[in-house]
Amino acid sequence: MEHQLIGNREPLWVVDGIIVSDPVNLSADVINDPDYVNRIGNAISGINPQDIDRIDVLKDAAATALYGTRAANGVIVVTTKKGRAGKPVISYNFNGTYRRRPRYSDRKIDLMNSQERTDISKYLVGMHYSYPNDMTYIGYEDAVNKYYNGTYSQDQFNTAVAKSETQNTDWFKLLTNDSFSADHSANISGGSDKFRYYASLGYTDDNDVINNNTNKRYTASTNLDFTITEKVKASMQLNIYHTNKQYDQDDISPIDYAYRTSRVLPAYNDDGSYFFYNKIASGLQGIMSYNILNELDNSYKKQTENGMKATVNLRYNPTDWLFFNGIMSYNTTNTNIEGWYGEKSWYAGNLRKTSLGVEPNEDSQMPFGGELSNNNVAQNNWTARIQGNVNKYFGSDSQHNINLAVGFEANSTHYNGDQYTQRGYYLDRGKKFVTSIPDKYKTYLTWLGTNVPTITDSKTNLLSVYGTLSYSYKQYFTVNANTRYDGSNKFGDRSNEKILPVWSTSGLANLKEIGHIKLKWLDAINWKVSYGEQGNMLDGQSPVLTLTKGSYDTHYTEMTSTTASNANPDLKWEKTHSFSTGFETSLFNNRLMLELEYYYKKTTDAFMNKTISDINGYTSYVVNSGEIINKGYNFSITAVPIQNKDWNWLVSASLSKVINKMKTSPGEDSYSLNDYLNGTAVINGQSLGTFYSYKFIGLNPEDGGPLFDDYQDRSNELLGLSKYQTFMKVLSKSGKRDPDITGSISSTLSYKNFRLGVLMDYAMGNKVRLFKVFGQGATINQSGPGNIYPEYNLNRALLNRWIKPGDEAWTNIPSILSKTSINYYKYDQHWSSGNQYQGVQIATDSYTMYDYSDIRVVSADYIRLASLSLTYELAEKLLPKLGLQRLAITAAGNNLYTLCNSKLKGQTPTQSGFSEVQLSDNPYYTISINVQF
């Protein structure tokens, strides 16, 4: 049985006091994929960044208790700009961003050029290498094949080889571009004591470095504040937005293609037409001609999103110490995602099972046209809240203060959508579908008969009551208590557990006042402490079996139903207990500020996915089986070393240390081998994300094959051991996927009207695997020296491979062995996979072991120059001459340089886990202009 922690890491977004939801209802695994969320958009993707006044991140128990069970991953509070009394102020902001496309010359891209890749091909042919059966003949292999079968003469062969050695197709140049994005925003604010306003318009044209990946966003917002009487105030907010996005189909990744494809492979023929090569299908049948430029020409994904959020807030102050507040908010979004594959695409050819222009086979899954998919999602959300506040001072000197707030909140979120896929579509023929399908295409007609739209309709209702109470004495101390009760239909029919309280207590003590400290250089020293408990429940869990009513089934001649969710009567709330304490102090007239915080979080009954035998009718269910300990400390320092008329220098640094451990003992068969190798196994007493590796001991001096301490010579010691015991014995602990120390260093140096900003960040304590040496991204998911495909590029590490005896003294890169080699199969099949061994299998082959060995693990520690900026503010004395109130220009560079392990070629140390290609740390440059009239 396999256990895996489940749930998403998405924080709760709160905008101007209202919790906002994602435009598309995403599953936990999708929410945890940042690339997918960046395409689809999240809860605040419709907000103009220039409308944001401040962002606060709430992590401690006292802060998150106010937002209940949904705040389990923390809260990000966004406050938008409001109008201020005074003359109208008009502001215009421009932000231009230049993103540099990847290049083969980049330090992070360590791939072979055509000469190097052809040399490898010559080496393979020279050793009579046995290529995979589904290989594609290109480059040197194609020239040799044609020479042997008589198609090429010696001169033609030499010409073809020379071309393959100098081809050097620049896939990055063909598929990406140096892009420029622009963001324009204009706003006006002003008003009087009775009425204040803020209104803005925004336009963003965001162009990715990947060709034809665009995002255009239009926003408009207003914030209106009314002082109706001395006791009655009101505010109204309205935000609307529209976005148009275009990106590539999910199975077409231009960056991955450029990274993995051989530069020997041409993109164009000599006459300028596309060069096609045979590519085997994955998940489909057949081998069809492929050219990625043609595939991009004949496919797309387009997304349109419209959203609106309106909020009305009414406040009544009957006295100076009592007020009542009522808020009503409505939010709606409509998202349409359209996907298209044209009949000329490789994808369509595989469904058609013939080349375009050839009569489709009778078993064709799409004999005509292309494929159109559509996904429509409408999200409607409303929130209503009533709150009363008491803020009363009493005592002879008003030394006591009580602040009490009690509120009721109701929230409802409704997702309604439909999704369908239809074939036989002609985009270039007026967006028409083919009709009158001949009877001989039975496979396609069967698909049509079962192809119906998928309709989703889900609603989450939440009813909450909350309260806060704080007491302050003079300037000495403040104690606070918060609680909230949430009742929701998302928790299922949990009987007595349907409502779980969330509560916290906190305190703040002014030690300088309490201790009557009279030191002139000490401005303040405070101690703070908080403790709280919070619960969480997954969607869709119920103690009883739930069914989904189906439609009429012609086979059974009756209505049918299917299982929606299986009964899970023993599932309990996941509970988190949080404690934090810390000190903060200010010295020398606020020239030096220090803060130190310690926190401890204990999650009990953590949700885990338990894999079971499919004989039960399903393969897994959710259980409470985990106890997670998270603790650590945060330290920050801010100093102003220089402060005078012309100069000001502000320096700050932060450091966070994280320690987490899982306290749960896995069963004997809890995890698979891959869980240990990839760091998804949850091991008692170890940090989450701990991964393990094979013990590499060197290369075989006879043939250059990789050797390991894998207990082959003492296999009897492994007999009778469980998976857990076996893996703990055979594998070595390599480290953690996530860093345990993170932090930043920033500096802001101002001289008159110039301001220079520097931001660096760093991380330490995690490890990462190097890219697979023989991994080529083959669709059959095989890697190793026996599966080298000519169409794929190779890691330049192979240039330093073992070639002859003695090379093992200076390299740890294995040799290339062909399947025809007498020594190949002693590495191709691990001894533990044989029938004679009765223990737990520990590997499949030696080359996979090499990729997952400790020799391929390096430190992921880094320090990065995250941002360097220079701002110029036009002198105040010059502004009136231009009719301006402010003019500021900023130039900035981001992700400029990362200092990390030199072995991390082609990889970014900021990645968590083992992903292969990332552009998130590529440099980009911005120019910003702010003008106020």
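Atom set for the values below is all heavy atoms of this structure, side chains included, hydrogens, waters and symmetry mates excluded.
A salt bridge is absent between K575 and E533: the closest approach of a Lys/Arg side-chain nitrogen to an acidic carboxylate oxygen does not fall below 4.0 angstrom.
Put simply, the side chain of T333 does not reach to within 4.5 Å of the side chain of M308, judged on heavy atoms. Taking 4.5 Å as the limit, every side-chain heavy atom of T227 sits out of range of all side-chain heavy atoms of D225. Residues T742 and D761 form no side-chain contact, since every pair of their non-hydrogen atoms from C-beta on lies 4.5 Å or further apart. Proximity of T319 to N317: side-chain heavy atoms (C-beta onward) are nowhere separated by under 4.5 Å. Taking 4.5 Å as the limit, every side-chain heavy atom of L469 sits out of range of all side-chain heavy atoms of N480. The shortest distance between side-chain heavy atoms of L594 and F635 falls below 4.5 Å. Residues F324 and Q387 have side chains not in contact (no heavy-atom distance under 4.5 Å, counting atoms from C-beta outward). When side chains are defined from C-beta on, Y762 counts as touching L655, because their heavy atoms get closer than 4.5 Å.
For Y466 and W503, the ring centers are positioned 6.0 Å apart or more. Residues Y393 and H400 keep their aromatic ring centres 6.0 Å or farther apart. In summary, the aromatic rings of F226 and F195 are positioned with their centroids under 6.0 Å apart.
Nearest heavy atoms, R591 versus P641: NH2-O, 3.2 Å. Nearest heavy-atom pair across P88 and Q885 is O-NE2, 4.4 Å. Taking both residues in full, the closest heavy atoms of R196 and G83 are given as CB-O, 3.8 Å, listed atom of the first, atom of the second, then distance. Between L322 and N389 the shortest heavy-atom distance is CD1-O, 3.2 Å. Closest approach of L592 and A639 over heavy atoms only: CD1-CB, 3.9 Å.
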* Please walk me through it: do L511 and F583 pass side chain to side chain contact (heavy atoms under 4.5 Å, CB included)? -> CA-CA 10 Å; L511 300 183; F583 292 90; 3.8 Å; yes

* To do: Check the pair F394 / W321 against ring pair (Phe, Tyr, Trp, His ring centres under 6.0 Å), numbers first and verdict last.
  => CA-CA 11 Å; F394 57 95; W321 54 268; over 10 Å; no

* Please report the C-alpha distance between V78 and W13 in whole Å, then the side-chain angles of each, then the deciding distance to 0.1 Å, and finally whether the side chain to side chain contact (heavy atoms under 4.5 Å, CB included) criterion is met. => CA-CA 8 Å; V78 178; W13 291 92; 4.1 Å; yes

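Side chains of S928 and T890: no donor on one and acceptor on the other come within 3.5 Å. Defined by atom type and a distance below 3.5 Å, a donor-acceptor pair is present between the side-chain atoms of N411 and T383.
To the nearest 0.5 Å, the span separating NZ on K392 from OG on S398 amounts to 8.5 Å. Taking NZ from K474 and CD from E513, the interatomic distance works out to 9.5 Å, rounded to the nearest 0.5 Å. The CD atom of Q50 sits 4.0 Å away from the CG atom of N93 when rounded to the nearest 0.5 Å.
With sequence neighbours excluded, the residues satisfying salt bridge (Lys or Arg N to Asp or Glu O under 4.0 Å) with D740 are K657, K736. S472 pairs by the side chain to side chain contact (heavy atoms under 4.5 Å, CB included) definition with N401, T478, not counting sequence neighbours. The ring-ring contact (aromatic ring centres under 6.0 Å, His included) test applied to Y599 returns no partner, not counting sequence neighbours.
Taking a 6.0 Å sphere around CD of Q399, one finds it holds more than 12 heavy atoms contributed by other residues, nucleotides or ligands. Remark: K81 NZ is packed, more than 12 non-hydrogen atoms of other residues, nucleotides or ligands lying under 6.0 Å away. Surrounding CH2 of W649 are at most 12 heavy atoms belonging to other residues, nucleotides or ligands under 6.0 Å away. Counting non-hydrogen atoms of neighbouring residues, nucleotides and ligands closer than 6.0 angstrom, the CG atom of D193 reaches no more than 12 such neighbours. Heavy atoms from other residues, nucleotides or ligands lying under 6.0 Å from CZ of F588 number more than 12. At most 12 heavy atoms of other shown residues, nucleotides or ligands fall within 6.0 angstrom of atom CD1 in I386.
A donor-acceptor pair under 3.5 Å is formed between the side chain of S687 and the backbone N or O of N660. A donor-acceptor pair under 3.5 Å links the side-chain atoms of T483 to the main chain of V502, judged by distance alone. The closest donor-acceptor contact from the side chain of T585 to the backbone of A524 lies under 3.5 Å.
Within the structure, salt bridge (charged side-chain N to carboxylate O under 4.0 Å, His left out) contacts touching residues 514-532 (residues at least two apart or in different chains) are K528-E584, K528-E595. Pairs engaging residues 309-324 under the salt bridge (charged side-chain N to carboxylate O under 4.0 Å, His left out) rule: none recorded [sequence neighbours left out].
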Side chains of residues 229-237: which donor-acceptor partners sit under 3.5 Å, not counting sequence neighbours?
from: T229; atom 1: OG1; to: K231; atom 2: N; distance (Å): 3.2
from: T229; atom 1: OG1; to: V232; atom 2: N; distance (Å): 3.0
from: K231; atom 1: NZ; to: P318; atom 2: O; distance (Å): 3.4
from: Q237; atom 1: NE2; to: D16; atom 2: OD2; distance (Å): 3.2

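Using a 30° and 60° split on the angle between ring planes, Y476 and H516 fall in the perpendicular class, above 60°.
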